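In what follows, chains are A, B, ... by sequence order, proteins preceding strands, each numbered from 1. Because the structure is predicted, anything quoted here is derived from the model rather than measured.
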Number of protein chains: 2
Amino acid sequence: MHMNPLDQRIVSCLVANARSSYAEVGKVVGLSAPAVKRRVDRLLDRGVLRGFTAVVDPEALGWGTEAFVEVHCRGNVSPSRIRARVEPLPEVVAAYTVTGAADAIVHLRAADIHQLETALERLRGLDIVDRTVSTVVLSRLLDRPPAAGGG
Amino acid sequence: MHMNPLDQRIVSCLVANARSSYAEVGKVVGLSAPAVKRRVDRLLDRGVLRGFTAVVDPEALGWGTEAFVEVHCRGNVSPSRIRARVEPLPEVVAAYTVTGAADAIVHLRAADIHQLETALERLRGLDIVDRTVSTVVLSRLLDRPPAAGGG
DNA sequence: ATTGAAAGCTCCGCGGG
DNA sequence: CCCGCGGAGCTTTCAAT
């Protein structure tokens, strides 16, 4: 899955502003608009680019409270089964299997502490879950898109 | 910080696809293209919408390895100072102040374990940092955009 | 990769609810 | 205040070279 430097710069532009026109991107990377579109289409096909989304202030949406939850499972549970269990919970923003004592880390986002507690109860109620260790976020210090040319 | 239902639906559309035309969004929400643009501009002004970005497969970019790092600081360090220190590190994707024993959680993303280790060393070398506890991600089970109408 | 042309979109001002 | 209308200018998306 290699990406040549030109593709990297195109992706960079679109990460910075997904609503740039192809012509605008072309001006930056030194290509014509049709050439840029062809490359973007190919990147979408290969799954390098997954799509384009708006970045929303979570506070404004009423999702101001978040937490990271270490999930400890009973016995051996496969990652796919963990995924299947946590995926239906709408407050789950992300989930990872991890090294260390915990089996997974679940990133929760809710409107307030109360809704967060409710989400936690549902999470803890899952049959695969033995216990959880929650860390509530007090403030988001930094939250940025990955740099495309950073590797 | 109110968002009327019309704005919510517009935001929803743009979260789903940030490259939709205003006309396309307008067709969904029942507005003309100029009306949609005016609302989007206002949402951008108010900071409800922070921008538009491409969603990239981290693997494809060569950022396949990530970790969550609990940062424990020496003495009392203000959130803004933590932010100022970790912000220059390019591997830092996000950072939060949190409840519990740790002062902050830092989300790192790197090309491989080696680069992750380097990033960790730099993080641990910061003057504010006393010690760190790292949790390396084995697999990303779930990673989804926040639902706009979910609150 | 570039050119040319048709279709579509954006973005401005204007008038009406 | 917010909406929809209309026109100028630009972008996208083909095709062909």
Side-chain angles (χ1 to χ4, degrees), chain A residues 1-64 111 144-151, chain B residues 1-57 60-62 145-151:
Chain A
M1 282 305 169
H2 276 157
M3 238 183 32
N4 75 38
L6 218 55
D7 288 332
Q8 284 193 11
R9 287 168 63 201
I10 292 174
V11 169
S12 241
C13 286
L14 292 172
V15 166
N17 179 11
R19 283 185 79 81
S20 317
S21 69
Y22 293 127
E24 215 165 342
V25 175
K27 222 174 292 176
V28 173
V29 305
L31 250 55
S32 69
V36 173
K37 180 186 165 18
R38 275 180 53 124
R39 290 184 115 94
V40 170
D41 285 346
R42 228 187 44 208
L43 291 168
L44 284 166
D45 271 354
R46 296 194 317 186
V48 174
L49 277 174
R50 291 189 177 169
F52 306 96
T53 188
V55 181
V56 182
D57 180 12
E59 305 275 349
L61 271 182
W63 294 85
R144 64 178 164 207
Chain B
M1 222 57 92
H2 274 165
M3 235 181 41
N4 91 31
L6 219 56
D7 288 332
Q8 283 193 12
R9 288 167 63 199
I10 291 173
V11 169
S12 244
C13 285
L14 292 172
V15 166
N17 180 9
R19 284 185 78 81
S20 317
S21 68
Y22 295 126
E24 212 166 342
V25 174
K27 222 174 291 175
V28 173
V29 306
L31 251 56
S32 70
V36 173
K37 181 186 163 16
R38 279 193 283 259
R39 288 183 113 96
V40 170
D41 285 345
R42 224 186 41 202
L43 290 168
L44 284 167
D45 271 354
R46 294 197 316 187
V48 174
L49 277 173
R50 292 191 174 169
F52 306 96
T53 188
V55 181
V56 181
D57 180 12
L61 269 182

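Put simply, OG on B:S12 and CG on A:L61 are 8.5 Å apart, with the number rounded to the nearest 0.5 Å. Distance check: A:F52 CZ to A:N17 CG gives 11.0 Å after rounding to the nearest 0.5 Å. Remark: A:L43 CG to A:Q8 CD distance equals 10.5 Å, nearest 0.5 Å.
In terms of modelled atom types and a separation under 3.5 Å, the side chain of A:R9 and the main chain of A:G30 share no donor-acceptor contact.
Using a 4.5 Å cut-off on side-chain heavy atoms (C-beta onward), A:V56 and B:L49 make contact.
When the side-chain hydrogen bond (donor to acceptor under 3.5 Å, both in side chains) test is applied to A:R50, the partners found at least two apart in sequence or on another chain are B:D57.
Looking at which nucleotide of DNA chain C each of B:A33 and A:L6 is closest to, the 5′-most match is held by A:L6.
At its two ends the helix from C:dA1-D:dT17 to C:dG17-D:dC1 runs along axes set 30° apart, each axis drawn from five pairs and the angle rounded to 10°.
Pairs passing the salt bridge (charged side-chain N to carboxylate O under 4.0 Å, His left out) check and including a residue from residues 30-42 of chain A, sequence neighbours excluded, read A:D7-A:R39, A:D7-A:R42, A:K37-A:D41. For residues 11-34 of chain B, no residue pair satisfies the salt bridge (charged side-chain N to carboxylate O under 4.0 Å, His left out) rule, not counting sequence neighbours.
Taking every nucleotide of DNA chain C with any atom under 4.0 Å from a non-hydrogen atom of chain A, the first and last of them, 5' to 3', are C:dA1 to C:dT10.
Nucleic acid contact class of A:R38 (heavy atoms, under 4.0 Å, all strands): none.
Nearest heavy-atom pair, B:A18 versus A:A54, reported as atom, atom and distance to 0.1 Å: CB-N, 3.9 Å. Looking at every heavy atom in both residues, B:G26 comes nearest to B:V36 through CA-CG2, 3.5 Å.
Spacing between atom NZ of B:K37 and atom P of D:dG4 amounts to 16 Å, rounded to whole angstrom units.
In the region residues 16-28 of chain A, proximity to DNA chain C at under 4.0 angstrom, judged on heavy atoms, holds for A:R19.
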